[in-house]
Amino acid sequence: MTDNLIQRTMSAYNYPLLIKNLLNAPVVDDPQQQIIYRDQLRFSYAEFRQRVCKLANALSSIGVKPGDTVAVMDFDSHRYLECFYAVPMLGAVLHTVNVRLSPEQILYTIDHAEDDYILVNEEFLPILEQIKGRIDTVKDYVLLQDGQQQPETSLNFVGEYEALLDAAEDHYDFADFDENTRATTFYTTGTTGLPKGVYFSHRQLVLHTLGALVALGTPTSQGRFHQGDVYMPITPMFHVHAWGFPYLATALGVKQVYPGKYTPDMLLQLLTTEKVTLSHCVPTILHLLMSHPDFATADLSNWKVLIGGAALPQAMCRAALKKGIDIFSGYGMSETCPVLTIAHVPDEDLSEDEQVEIRCKTGRPIPLVDLRVVDEELEEVPRDGDSVGEIVVRAPWLTQGYLKDQRNSEVLWRGSYLHTGDVAHRNKQNYVKITDRIKDVIKIGGEWISSLEIEDLICALPGVAEAAVIGLPDDKWGEKPLALVVKKVDADLNEKGLLQHIHSFVDKGIISKQVVLLKVQFVESIAKTSVGKVNKRGLRENYQ
Ligand code: AMP
């Protein structure tokens with residue numbers, strides 16, 4: 001901001017919105033609060049602050065400078081949390097590598113982001129071994145491991161993480177710098193073409209933290225995130241900063257639990273023994289937990305779960321509510337830091353059906369998010385809960401473009417709004433509901449059919465474990481819908497019964513009559529993307 005706009009006395013301090021400032025209050029206010037890693041490690045916020053300083057010293061000692069890019073390949077860990085802070089606080093850029101991409105795609109992202117250093121968990125060494133001779137930019141590697149045993153690898157390490165921290169000073173004077181300095185970068189998980197890099201500044205991450213904290217911290221009761229909570233992510237930390245929650249949780253000063261490699265056993269164990277009260281995940285992960293034999297007996301009655309990354313199916317919502325879980329939806333994408341909307345239930349007397357309806361909506365825009373649902377001319381469609389258009393957004397925390405990709409950046413930001421590619425409607429109460437991705441909408445005889453709506457109806461049948469509906473090319477209709485359905489073990493379900501169920505909604509006028517063209521195929525499993533979402537593009541290619 002220029003001095004034309006703000007009159008400042010010479011001595012007033014122009015406070016930059018830097019990630020380091022998120023640490024000021026929690027470390028002082030509650031130094032004994034705990035950070036936990038699996039069933040292996042626990043330490044206090046006071047020690048966390050020291051470990052962040054040690055990591056900064058260790059990284060500086062191996063040569064990391066402001067402007068360098070430091071990549072991390074790890075499971076959700078205390079180490080990752082430390083990197084979320086120490087790397088950007090040094091003025092370097094944190095590249096959270098999507099370890100579930102193919103080795104060739106990982107090589108592309110390392111190269112494209114121009115990573116200078118890689119901190120790698122021993123479990124991911126085989127990936128680096130595979131692409132080793134072709135990594136040009138990386139100067140040094142740091143080993144991350146839980147045990148002590150030297151892994152078998154031909155890679156040379158400048159050191160092991162804990163040993164480097166042990167040898168480092170526990171104090172570091174983090175300098176102030178421009179709040180617009182890039183703090184993080186990572187790559188979209190989309191299945192089309194090469195991954196695209198997005199990037200976020202200190203200012204954006206601080207404002208995202210504050211905006212999301214206001215949204216989550218202010219409801220009267222449902223889904224409120226407060227200082228008595230215990231937080232555990234079940235979203236990979238490489239995926240959009242674990243939705244920004246490690247920053248929120250630390251700024252709030254809550255007990256944090258990092259589960260490492262996801263196994264249903266460990267997740268359920270930590271949820272119950274550490275008394276976790278807030279998590280976030282994609283529906284697939286919750287489905288995995290719900291299918292675990294120990295799920296039925298686990299006490300999860302104080303657990304709040306924010307579902308995002310894909311629509312929350314009504315059947316899953318009902319099952320979770322029955323178990324006492326406070327489940328609700330949020331929405332965002334890699335390009336948006338991510339949080340854009342949250343579906344809190346208003347503090348009113350609502351029936352279970354009404355509750356489910358709201359919890360499964362995409363949500364209301366959180367503070368500072370200017371969200372519009374627009375037609376092709378960027379005109380807002382009526383807020384009638386029925387008219388659909390594309391979601392476009394402005395907010396202080398959206399990526400300003402794709403890394404080194406002017407053409408796609410301009411497409412993303414056409415008309416000065418970030419185009420999400422999501423089709424939705426919005427009602428008078430300001431709740432948005434995504435009905436599809438633009439690319440996944442099924443166009444039958446010129447009519448747009450929501451695949452998510454049909455999936456929701458299919459999943460409501462008791463014998464259905466999972467379903468995905470896709471459009472396949474058809475000479476007469478343009479596209480015809482195909483439902484891929486995974487049955488529950490021992491389910492008494494056949495194509496005829498499933499179609500009768502769907503046709504009853506056509507007869508009642510709830511869904512378009514074009515849906516009678518639906519065909520069903522029972523399958524063993526449904527292909528997922530690297531972050532556990534249904535891979536509709538892949539399915540279309542396979543079932544064409
Ligand atoms: P990604 O960039 O991989 O995080 O994917 C972002 C996309 O996931 C969005 O553009 C949406 O299509 C989808 N998505 C995220 N949250 C939701 C939600 N609550 N309901 C429906 N789709 C969602």
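All of these numbers come straight from a predicted model, not from anything done at the bench. Numbering of ligands and ligand atoms starts at 1, following listing order. Numbers here are sequence positions counted from 1. Any value given below was found using the heavy atoms of this structure, including those in side chains, with hydrogens, waters and symmetry copies removed.
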I would like to know whether D370 and R372 meet salt bridge (charged side-chain N to carboxylate O under 4.0 Å, His left out); could you show each step before the answer?
-> CA-CA 7 Å; D370 167 11; R372 295 174 189 215; 3.2 Å; yes
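Of the residues listed (F200, Y402, Y199), the one engaging F186 in a ring pair (Phe, Tyr, Trp, His ring centres under 6.0 Å) is F200, and it is the only one. Tested against L22, the residues T250, L17, T209 include a single side-chain contact (heavy atoms from CB on, under 4.5 Å) partner, T209.
For the 3.5 Å distance criterion, the side chains of T435 and H425 fail to qualify, holding no donor opposite an acceptor.
For a threshold of 3.5 Å applied to N or O pairs, the pair formed by T362 and ligand 1 contains no separation below that value. Ligand 1 has no nitrogen or oxygen under 3.5 angstrom from a nitrogen or oxygen of Y331. On a distance-only criterion, S329 and ligand 1 share no N/O pair closer than 3.5 Å. Ligand 1 has an N or O atom lying under 3.5 Å from an N or O atom of G309, backbone or side chain.
Within the structure, the closest approach of A343 to ligand 1 does not fall below 4.0 Å when heavy atoms are considered. A heavy-atom separation below 4.0 Å is not found between T188 and ligand 1. Assignment of A310 to the shell around ligand 1 is supported, since a heavy atom sits closer than 4.0 Å.
Under a 4.0 Å criterion applied to the non-hydrogen atoms of S334, ligand 1 contributes the atoms 1 (P), 2 (O), 3 (O), 4 (O). For ligand 1, the atoms lying closer than 4.0 Å to a non-hydrogen atom of H239 are 1 (P), 3 (O), 4 (O).
Looking at P338 against ligand 1, nothing comes within 4.0 Å, counting heavy atoms. Both the backbone and the side chain of M333 come within 4.0 Å of ligand 1, counting heavy atoms alone.
Of the candidates K433, K439, K533, R437, K533 brings a heavy atom nearest to atom 1 (P) of ligand 1. Within the set T336, D422, I342, the minimum heavy-atom distance to atom 12 (O) of ligand 1 is found for D422. Within the set G532, C360, G330, G308, the minimum heavy-atom distance to atom 19 (N) of ligand 1 is found for G330.
Considering only heavy atoms from C-beta on, F238 stays 4.5 Å or farther from Y187 through its side chain.
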Enumerate, atom names and distances included, each donor-acceptor pair closer than 3.5 Å involving a side-chain atom of residues 508-520, sequence neighbours excluded.
| unit_1 | atom_1 | unit_2 | atom_2 | d |
| --- | --- | --- | --- | --- |
| S512 | OG | E447 | OE2 | 2.9 |
| S512 | OG | Q514 | N | 3.0 |

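In summary, the aromatic rings of F84 and H78 are positioned with their centroids too far apart to meet the 6.0 Å limit. The six-membered or imidazole ring of Y85 lies away from that of Y80, with a centre-to-centre distance of 6.0 Å or more.
The stretch residues 378-401 participates, sequence neighbours left out, in these ring-ring contact (aromatic ring centres under 6.0 Å, His included) pairs: H208-W397.
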